[in-house]
Amino acid sequence: MLTSEAIMPDKPSDRKETSLSCSIGAIHNIDESEGTVILRGEFASIVFFFVNENTLRVKLFFGGTPDMRATAAIVASAIQPVQADVEEKDGHIVISSNALHAVVNPQAFSLRIFNSEGVMLLEEKAIAWDDKRKPTFTATKSADSHFYGFGEKTGFLDKNGERYEMWNSDVYEPHVQDTDALYQSIPFLIHYDYGKPAYGLLLDNPGRTTFDMRSYEDRYTISLQSGELDLYVLNGPSIKDVVKRVGVLTGTTYMPPMWSIGYQQSRYSYMNQEEVLDIARTFRKKQIPCDVIYLDIHYMDEYRVFTWDEKRFPKPLEMMAELRELGIELVPIVDPGVKKDPKYSVYQEGVKNGYFCRKLEGDIFIGKVWPGLSAFPDFTDDAVAEWWGDRHRFYIEQGISGIWNDMNEPSVFNESKTMDLDVVHGNNGNPKTHEEWHNLYGLLMSKATFEGMKRGLGGERPFVLTRAGYTGIQRFATVWTGDNRSFWEHMAMSIPMVLNLGMSGIAFAGPDVGGFSHHASGELVARWTQMGAFFPFFRNHSVIESTRQEPWRFGDQIEEICREYIGLRYKLMPYLYSLFYEAHTTGLPILRSLIMEYPEDRKAYNVCDQFLLGDALLVAPVYRPGVASRAVYLPDGIWYDERTGEKYDGGKSVLADAPLESVPVFVKAGAIVPRQSLRQYTGEASVEPMSLHVYAAPEGQSVSGRFALYEDDGRTYDFEAGIYSMREWTYEQSLEGKRLGCDFVHSGRDIAPETVLVLHQVALSPTDLTCSGEAEISAWNYDKESRILQITIHARHSFELIIRS
Ligand code: GLC
């Protein structure tokens, strides 16, 4: 614990001002080869490479040829090089694709990047380095600059005024606003200034780096402790465009099995087989939906990965059989530390084959974690990754298809909290020190796990959860935000954290619901469950010896609230699952910040306590105790309180009722939200048709909306072979009437032909319902009281429904 001594006067500061005396100098030569343009300066060179029309890689290098290999953050499919056009204009060198122009002043190197409309995106102020060749990149910002992205960081949504370190760290201390580094490092920012195009900047450097948007009013800096300055500039113009482009560059969120989108229950630890089954049976007995139960470290034999503690779990196959009956998946934890035990086969194999991380001199790096002294696989080598991945057959054979990766920063119980920096990673023959490659360790572990599980599961989709990661982690794993606490502040903080993860390309993320350490109150669990029901990742987890946190631990009222909101998530599953598919195909997040959907709204840039699920639902959680109403900011448009149907005009804040039993949710006029009947788990069969909720505007007003409804088997990769269905629903309302369209965009899979259309906010009974195409209306009903028009339609092909009243 720190005392006031920390701020003793005249204490020597450990933050040294580095002297950045070196710079590129004047450009004396231009080399063009293999799609790259190299500008050779007096003291260093810089290479430009259009990865694609909208993404420019800019890399500083010393010596003859640049190393153009990228880390695992970048996907090969993103590289669609375009020939750069180089010209000299008004004393400047201009390097262009069709979408971006880099303008360099060759006298004393300086760089500006413009879009195809001639609007400046980024203005570099300095690329400089110190005597140890540690570079700092500086670019301008304005008084109106806003910054998003940076992955998993504490604090508010807009990161202007913040300074962050990228160094994957196991932080058990409470996560607060001045926590610089957490488990994930996503060296990516979006710069946005109202009325101007947004741009993205990705630094592909997995060493320790610092992004400083605080120290200077007119500029921000990116400083490196090791490795190279390797930047990717991503074109806008909108924030959404930037997010999509980072999805192209670093890959999009993997398509998870549907069960992993259901409710998940965890505890450090469910101690034995009987306890696991008891938890599972209780969910079913109490009719609280649940898809997953976790096994934390106590399932293992003295924390040896790929083993069972046979006393606690004497009959895992029997346990698995009952869980399968109940429709519950089991996800065990797998940490990277392999117990140093000459009698343990994983350790033996690792040593014999040279699979563990080593110092240059050849000694295996040994560090202490849960199993005691342990060795750590060197996932940078493909052979090691494959070995580790294949080891997961141990779990697959038990019927397990999801794995939880933890402690993979890697966390080590020593002073530096991680592996020694002079460990040398093999990296397939391109060795890197741990200092240079630290932030990649977690990503490479999850990649090995995901790929191994995928190989072993024979066509089924794996689920992988990870604590540590680097840019690109979304391709292999879901991110949970580590050891938060059962603090109201931590509940509130998880909103901007998950929103910024989403804007960094990581759509499938969420915190431990209820908070991990400390002791949760029933009220906190109820409120957090209400919020978590709308988050992409929805898991309740708590630490050993804390208050038990399952939904039924706090009495009937809290249990009922949890049941209802967990149930609501299952009812919204068709909507949510379609958003997952959208994230998978476009890179867009599932949970969205207001600024992303309403970029012109000057009130939206830092809204941290509410969010959009997709673009139709606006959720305003209650994140303080004893609160029964809250202000909700509604952006432009017509909004309805989803609970009461009350109408509001957007562009202002309203006071919403929020008694403990309910959380304010607003839905936009024009929105289309598919729902299904309640299930106890995602795979539970139901005969009830899907319902499609459409929200009309008041009579005489115009509105339109669309929703792409995606369906597949929820479990396999058959969708990649076209075995899925995609129906694009559209709603248009004007003075002439209401039109609902359904376009069968892709019909690779049989779907239930019946849909119940539920049109909300319909003022008058229809006088005419006309269906085109081969669709048939089998029943309809209008209820004046609730203003709901319900129409049951059978359709196997595209159709259009016109409603006149
Ligand atoms: C770490 C994880 C936590 C887990 C615990 C024991 O603290 O973050 O989720 O329960 O280790 O494995």
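Hydrogens, waters and symmetry mates are skipped; everything else that's a heavy atom, side chains included, is used. Every number for a ligand or one of its atoms is a count from 1 in the order of the listing.
At distances below 3.5 Å, at least one donor-acceptor pair connects side-chain atoms of Tyr183 with backbone N or O atoms of Val171. With hydrogens and angles ignored, the 3.5 Å screen pairs a side-chain donor or acceptor of Asn414 with a backbone N or O of Ser416. Remark: side-chain polar atoms of Tyr263 are not paired, donor with acceptor, to backbone N or O of Tyr681 under 3.5 angstrom.
The two atoms that bring Ser169 and Ala181 nearest to each other are OG-CB, 3.8 Å, heavy atoms only.
Side chains of Thr252 and Gln474: no donor on one and acceptor on the other come within 3.5 Å.
Two rings, from Phe188 and Phe150, have their centers 6.0 Å or more apart.
At a heavy-atom cutoff of 4.0 Å, ligand 1 is surrounded by Tyr268, Asp296, Ile297, Ile333, Trp370, Trp404, Asp406, Arg467, Trp480, Asp483, Phe516, His541.
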